[in-house]
Structure formats: C-alpha cells, structure tokens
Amino acid sequence: MKIFLPIFFILSIVFGCKPTSDKSNDTDIAVDITENQQKTNDFAIIIHGGAGTILKKNMSDEKESEYKAKLEEAIRTGHDILKNGGTSQEAVMKTIQIMEKSPLFNAGKGAVFTHEGTNELDASFMDGKTLNAGAVAGVTNVKSPIELAIKIMTDSEHVMLSGKGASIFAKEKGLEIVDPSYFYTENRFKSLQRIKDREKSELDHDAKAAFYDPIIKNSKYGTVGCVALDISGNIAAGTSTGGMTNKRWGRIGDAPIIGSGTYANNKTCGVSSTGWGEYFIRNQVAYDISAQMEYKNSTLKEATKDVIQNKLTALGGTGGVVALDKNGNMSFEFNTAGMYRASMGQKGNLVVKIYKE
Ligand code: ASP
C-alpha cells in the first residue's frame, strides 16, 4: 500500500494535467477503432457499373429497369458463390463477367470506342490475402478482360501485360478470343461520332478541354467493378473497362492500374474505382483509401469520403468508388450525379441504386 499510494499520486498528476484537446483526440481514436472492429458481415459483395452524368430525367423507365435487373443479376451471382463458401476471387470474376457480357456497361461487350473506331479493353484484379495482382491494358480480342487479368496474376510472373502480347498470352492459356467486331454496339459507336463532331466544332478552344469536356459532361462512363469478402476473410477486388470514348495514342486509364482503379488488402479493405481515370491515377485513389485505414485508423466511410469528396474533387476529378472492409462494412462514394451500384450482405439484404439519393 505504501508503494501504491505515491505511484497513484504520480499517475494522477500526469493524466490529470493532460490538455483537454488531447483527451478528446483519444476518445475519437477509440471510437474509430470500435467502428473499424465492428463486424457487420462475414461475407459481402459490392459492385458498380460506372459513374457519371446519370440523371433521372434522361433515363426512360425501361432503361432504368434494364440496368437495375442486370446489376441485380450480377450481384446475386457473386453472392450465391460466397454463400456457398466460394472464394472472393471467383465471386468477383463471375460477377464482373455478367456485366462484361452486357452491352449496357462500358466493359467487354459494351466497351466504348477509341478515336480510331476500335475497342481497347483494360482490367485488373487484386487478391487481398497475398497482395498478388494481375492487370491487362489495351486488348482488342479477349472476350473477358477480367478473366485475363486473373490469369496474368495466377499463371505468369508479371503483374501487367498489354496489347498484342497480352492477347498471345490469353490464347496460350486457352481464354476465349473473339473477333474485334464482337465489341461493336451501335450506341457506343454513335457516342464516338457525337464526340468527334463536337471536337471538330471546338477546335479553337483549349485542346485539353475540347477533348475531355464533352466526354465528361455527356457520357455515362459505365466501367464495371466488384469487391467481395468471403467467409475465410479474404477480400478481392476487380475492375474492367473499355476506357473513355475517343481515347487515342494507346491511352490507358486507372482501371488496370493497381492502387488507382483496384486495390485489395485483407488488413484493410478492397476498392474498385470508376471515373475520369487520369485523376484516379494521380490520386492513387484505391490505395489511398486503404492507406488511410491502415495509417490513420480511419473507418471505411471516412477514408472513401475524404479521398473522393476532398482529394479527388480538389483536383477536379470526377467519379466514385465501391469499397468493402475486412469487417464487411460497405461504402459507395461518388461526386457525380449518379453511379450504377449494388451491394449485398450475408443476410441477402440487396441494395440497387443509380442516382444520388
Ligand atoms: N476510369 C475509366 C478510365 O478512365 C473510365 C470509367 O471509369 O468510366 O478509363
């Protein structure tokens, strides 16, 4: 007792003198830790089908139902896999493949056109357990770019392959090769013509603005992405896209860049991005969200909000992310008028949305 009293006295002086602001910081951190540690789902899945100028007034009821039905079909496919004990890798691939096969989204079948009237596809995948990753850029004849990205991860010593070499690799690995005309859709081709017409009429303006403004203001991006957490606690993330309409010179966006378009880490979260790729690359959007959780102890919501609403927006970037943390918390975050999106937790609670609330 004689020893404890002086120790107690010293401790009360040290802690009693701590400034109040420090105390409230401690409390904030404690709250964050609790939030981060709350398990909401043992398995879960979240997807996007692109963000952009998606407005109710420009969308027919029929089109809206088509989008919602396809988002639901895709997410249920992945959810069933997870529910039956399948891996997050399989869930992400199969979910994205449903959207790649649909002409509604700017990925696979519905890919947008390059300036030259071709389709160049990009995709990436990351495994949050091993931090392995695979990515592909600029392929023109591979039916499922997300499958190729996963194959590059599992069957090569590389992370990223591009163009012709990537096609040769896909063929060697037995992936489905299609004639480039498979990716032709009338709607996307018309979008290219519209943008080219506009470009011509705006030649006097600043070249960059003339090139990008019409794309940003008038097109719905439509990239697809998926993040899943499986019953073993493994997070996987994938993204697949045709890029941006009228792209040229072999332009590559964020979708195949690990850390920008896709990131997954079992310690933190998984992220898939969609939007104006150049800004997502410069902000390292997907990795930054994970890093904020790891280094700042931010919650998923805080991290996605800061990166999209503050950092991306400050540079002038537009778009959004879907993200899912190791505890099954999920987040949709975007700074555009809309984002095709859906989520499903372990109880089968389905959310499908398009516009801002
Ligand atoms: N991020 C994609 C790109 O820049 C486009 C998109 O998400 O719609 O290529």
Side-chain angles (χ1 to χ4, degrees), residues 47-54 67 71 96 99-100 102-115 118-125 135-140 145-146 149 160 162 183 185 187-188 191-192 195 208 211-227 237-263 271-289 307-308 312 315-323 332-341 354:
I47 62 174
H48 69 76
T53 318
I54 311 165
Y67 272 108
L71 287 167
I96 288 185
M99 294 189 280
E100 281 182 340
S102 164
L104 290 174
F105 303 102
N106 170 20
K109 174 73 190 145
V112 298
F113 282 84
T114 65
H115 185 77
T118 57
N119 308 96
E120 294 175 1
L121 306 139
D122 306 329
S124 64
F125 176 88
V136 58
V139 276
T140 55
I146 191 65
M160 192 178 209
S162 70
F183 299 108
T185 53
N187 258 351
R188 299 293 190 200
S191 299
L192 173 68
I195 287 173
K208 215 170 161 193
F211 179 72
Y212 283 118
D213 273 9
I215 302 170
I216 300 310
K217 295 203 179 96
N218 300 315
S219 71
K220 303 159 187 72
Y221 298 103
T223 290
V224 306
C226 175
V227 188
T239 309
S240 182
T241 190
M244 287 173 97
T245 307
N246 201 28
K247 67 183 182 181
R248 63 201 297 196
W249 306 303
R251 179 264 186 192
I252 293 163
D254 60 314
I257 310 282
I258 297 299
S260 301
T262 301
Y263 193 76
V271 181
S272 171
S273 314
T274 177
W276 193 345
E278 279 69 10
Y279 289 89
F280 281 71
I281 295 173
R282 290 165 59 199
N283 277 286
Q284 282 295 289
V285 164
Y287 178 72
D288 194 12
I289 291 168
V307 173
I308 298 300
L312 183 74
L315 280 196
T318 48
V321 292
V322 293
F332 301 116
E333 195 69 52
F334 53 99
N335 66 1
T336 47
M339 180 165 82
Y340 299 106
R341 60 200 189 277
I354 298 179

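Owing to the predicted nature of the structure, the values given are computational and were not obtained by experimental measurement. Counting starts at 1 for both ligands and their atoms, following the listed order.
Residues Ser191 and Thr245 bring no donor and acceptor atom of their side chains to less than 3.5 Å of each other. With hydrogens and angles left out, the side-chain atoms of Thr239 and Thr262 include a donor and acceptor closer than 3.5 Å. Checking Thr140 against Glu120 by side-chain atom types alone, no donor-acceptor pair falls below 3.5 Å.
Residue-ligand proximity, Asp254 to ligand 1, at heavy-atom distances under 4.0 Å covers atoms 1 (N), 2 (C), 3 (C), 4 (O). In the vicinity of Gly243, heavy-atom distances shorter than 4.0 Å reach the ligand 1 atoms 5 (C), 9 (O). Ligand-side atoms of ligand 1 in range of Thr223: 2 (C), 5 (C), 6 (C), 7 (O), 8 (O), range being under 4.0 angstrom from any heavy atom.
Contacts between His48 and ligand 1 below 4.0 angstrom, taking non-hydrogen atoms only, are absent altogether.
Residue Arg251 has at least one N or O atom closer than 3.5 Å to an N or O atom of ligand 1. Taking distance alone, with nitrogen or oxygen atoms compared against 3.5 Å, Gly275 approaches ligand 1 more closely than that limit. Residue-to-ligand polar distances keep Ala255 apart from ligand 1: every N/O pair is separated by 3.5 Å or more. Residue Trp276 has no N or O atom closer than 3.5 Å to an N or O atom of ligand 1. Backbone and side-chain nitrogen or oxygen atoms of Thr274 are examined, and one is located within less than 3.5 angstrom of a nitrogen or oxygen of ligand 1. Between Glu278 and ligand 1, a contact under 3.5 Å exists for no N or O pair.
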**Report entry** Evaluation steps, side chain to side chain contact (heavy atoms under 4.5 Å, CB included), between Phe125 and Ile146
**Finding:** CA-CA 7 Å; Phe125 176 88; Ile146 191 65; 4.3 Å; yes
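Taking OG1 from Thr223 and CG from Asp122, the interatomic distance works out to 8.5 Å, rounded to the nearest 0.5 Å. A distance of 7.5 Å separates CE of Met99 from NE2 of His48, quoted to the nearest 0.5 Å.
Taking the centre of each ring, Phe105 and Tyr67 come in below the 6.0 Å mark.
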